[in-house]
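Report on one structure; see the data block that follows.
Heavy atoms only: backbone and side chains are in, while hydrogens, waters and symmetry mates are out.
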Amino acid sequence: MAAVVQDAELAALGAAIIPPGLAQVLAAGQEPALVVSTGGLLGPVPVAAVRLGSRYLAELARIVVVPAITLWTSLRGRAPRTGSGFCAYLDPDLPGTQRERKLLQKAFPRARLLPRTAVRPALADADGSAGLLLSMHGTAASGLGQALLLAPGDPLTAAELLTCRLPDGVLMPGCWAGRLDLRGVQEPLGLPTAALLAGARWVLAGTVDVAGTRTATMMGAFYQRLADGLAPVDALRAVQLGYLSRYRTVPPILWAGLTIVGDGYTPATFGA
């Protein structure tokens, strides 16, 4: 099925959920920090692509998403850690993996590339690093059963992540990795929440079925901006706005499917 732009629907959603006072602040052009607590309405929506009139939220604000405001308060109370280095596993069967690996190593020449068999042992004690990349397919399962697929029949679930010791930055750009299970008054569960509870300060995750080779190119640009010292929210925003400047009328799935979950306002320091 061809991707659809859906500008009218995204504008209607923006009009429904953005209060008039906030709309005025955003329209003033100061590009403030905007923390969006997702709920049953917004869980599957690429928030950056919600429209305020003729403009996307990504153009108007520095957006992060949080599963719950209580978790946001907890994250902001944590002191940034001083881990160094970058660990990464990239599924060799994903479209664009070879290109993404080259761009990652260009941005972080000393990144430690993990074989599949080393992923679980590395996650058990990854909090000494500054960043962790898990680039693989995600599942559309819900709650603690949501997973990244290390291989067919070998899911790395949100429940497993809760037992890990993760660094401040965790990148899970796979399809559906950012989707949350939202049920009534329960806390939202899923991979991003589990990663945050296991020590991550921020998570880069996919909220929709992100495109393979195009996402690899965007991730390469994101890595470089992180290496240049930008905060995660600003690094992702720069990549998204750069894409929009060239391809204004493309569907959101092609540029807004990746989201920063958690406190992405603190610049990442990856060290050697």
Side-chain angles (χ1 to χ4, degrees), residues 6-7 9-78 80 168-173 177-180 182 187-188 190 192-193 195-196 200-208 210 218 221-222 225-226 229-245 248 252-253 255-268:
Q6 295 183 305
D7 279 351
E9 293 87 346
L10 291 166
L13 178 59
I17 66 173
I18 299 173
L22 176 57
Q24 291 179 355
V25 171
L26 295 173
Q30 297 181 1
E31 302 180 2
L34 179 62
V35 180
V36 179
S37 180
T38 54
L41 176 65
L42 288 181
V45 173
V47 176
V50 172
R51 293 177 75 90
L52 182 61
S54 63
R55 304 190 69 192
Y56 293 110
L57 273 187
E59 298 175 287
L60 301 171
R62 303 165 63 228
I63 306 164
V64 299
V65 167
V66 292
I69 287 297
T70 52
L71 184 52
W72 168 253
T73 304
S74 174
L75 292 172
R76 292 296 285 179
R78 296 181 192 171
D168 270 10
V170 174
L171 291 74
M172 300 186 293
R179 291 286 292 274
L180 301 172
L182 299 138
E187 289 286 319
T193 307
L196 295 173
R201 189 179 191 89
W202 60 273
V203 179
L204 175 79
T207 57
V208 297
V210 293
M218 294 182 71
F222 177 73
R225 284 164 174 78
L226 281 184
L230 268 66
V233 65
D234 295 319
L236 180 60
R237 183 168 183 253
V239 173
Q240 291 175 333
L241 295 185
Y243 192 90
L244 273 178
S245 70
R248 182 70 191 181
I253 190 175
W255 66 270
L258 297 173
T259 300
I260 300 293
V261 183
D263 180 14
Y265 295 114
T266 303

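Distance alone, capped at 3.5 Å, places no donor-acceptor pair between the Ser74 side chain and the Thr70 backbone. Between the side chain of Arg201 and the backbone N or O of Arg78, at least one donor-acceptor pair lies under 3.5 Å. No donor-acceptor pair under 3.5 Å is formed between the side chain of Arg76 and the backbone N or O of Leu71.
Contact between Gly262 and Trp72 at its shortest, heavy atoms only, is O-CZ3, 3.7 Å. Of all heavy-atom pairs spanning Leu10 and Pro252, the tightest one is CD1-CG, 3.6 Å. Taking every heavy atom of both residues into account, Leu75 and Ala200 meet most closely at CD2-O, 3.7 Å. Between Ala61 and Arg237, the shortest heavy-atom contact is O-NE, 3.1 Å. Between Val233 and Tyr265 the shortest heavy-atom distance is CG1-CD2, 3.5 Å. When all heavy atoms of Val203 and Pro192 are compared, the pair lying nearest together is CG2-O, 4.1 Å.
Between Leu171 and Phe222 there is a side-chain heavy-atom pair separated by less than 4.5 Å. For the pair Leu241 and Trp255, the minimum side-chain heavy-atom distance is 4.5 Å or more.
Salt-bridge annotation for Asp234 and Arg225: absent, with no side-chain N of the basic residue lying under 4.0 Å from a carboxylate O of the acidic one.
Between atom OG1 of residue Thr259 and atom CG of residue Leu236 there is a gap of 7.0 Å, rounded to the nearest 0.5 Å.
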Could you pull out every donor-acceptor pair under 3.5 Å between side chains of residues 11-30 and any protein atom, sequence neighbours left out?
none

All N/O donor-acceptor pairs, side-chain side in residues 45-53, below 3.5 Å, sequence neighbours left out:
| from | atom 1 | to | atom 2 | distance (Å) |
| --- | --- | --- | --- | --- |
| Arg51 | NH1 | Asp7 | OD1 | 3.4 |
| Arg51 | NH1 | Tyr56 | OH | 3.1 |
| Arg51 | NH2 | Ser54 | O | 2.6 |

